[in-house]
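First comes the structure, then the notes that go with it.
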Amino acid sequence: QKEVEQNSGPLSVPEGAIASLNCTYSDRGSQSFFWYRQYSGKSPELIMFIYSNGDKEDGRFTAQLNKASQYVSLLIRDSQPSDSATYLCAVSPGLTGGGNKLTFGTGTQLKVEL
Amino acid sequence: KAGVTQTPRYLIKTRGQQVTLSCSPISGHRSVSWYQQTPGQGLQFLFEYFSETQRNKGNFPGRFSGRQFSNSRSEMNVSTLELGDSALYLCASSDEAVRNTIYFGEGSWLTVV
């Protein structure tokens, strides 16, 4: 079993729709959870992090965490073609910067169609 | 505020050679970590440095090494290069005082021929 699992996609959604990206993790001791966006040929860009159960909203993005189910998700509202990218879920054992050993999923490719 | 700076951006090396990659973290960030990204394995953690000390290490052979200087700049070295070392090498910096701030540089694309 992989430590962090994501559906590789591609996930295709029409412009303006909600895109839902999911991630499960195996280490119950994980404390911090990140979503990165990576465009082809570019480096990962931090979108959001979450460490408490529940929802965290930032603009069009909402991260959801359920530690009991070991599940974290990212919702993108009003999806735009510019959101088309690979979304990487990452998990860290630490709450502070001391937990910088991120374990990444393989990423979900999102395609937002006109 | 400048971001994470990595040099060189692109390089081609021959099998058996060694390579050194450099990373300058965001000003004020004292933690630097390195990752390797390949199409087959995805993003994998190499090691992390804080205050010139290696704090975490991933599952890579000893050919991969790194260090951090007193100004928080970091270098990683790969010796005896193999074809499979061809990858995007990413550096990330973090501010210990601010929770969950891990930002990546643009990476160094290494091709081993």
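Here is the naming used below: chain letters follow the sequence lines, and residue numbers restart at 1 for every chain.
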Does Tyr89(B) share a hydrophobic cluster with Val113(B), counting links as ILVMFWY side-chain heavy atoms below 4.5 Å and allowing steps through other members? no
Select one option (side chain, backbone, both, neither) describing which atoms of Glu45(A) are under 4.5 Å from chain B's heavy atoms. neither
Taking the basic N atoms (NZ, or NE/NH1/NH2) and the acidic carboxylate oxygens, is any pair closer than 4.0 Å for Lys101(A) and Glu48(B)? no
Hey, are Arg60(A) and Asp83(A) close enough for a salt bridge, meaning a charged N less than 4.0 Å from a carboxylate O? yes
Which region of Phe47(B), side chain (C-beta onward) or backbone (N, CA, C, O), has a non-hydrogen atom less than 4.5 Å from a non-hydrogen atom of chain A, or is it both or neither? neither
Ignoring hydrogens and angles, tell me if any N or O in the side chain of Ser79(A) forms a donor-acceptor pair with the backbone of Ala17(A) under 3.5 Å. yes
With a 4.5 angstrom heavy-atom cut-off, is it the side chain or the backbone of Leu90(B) that approaches chain A, or both, or neither? side chain
Proximity breakdown for Gln37(B) and chain A, heavy-atom pairs closer than 4.5 Å: side chain
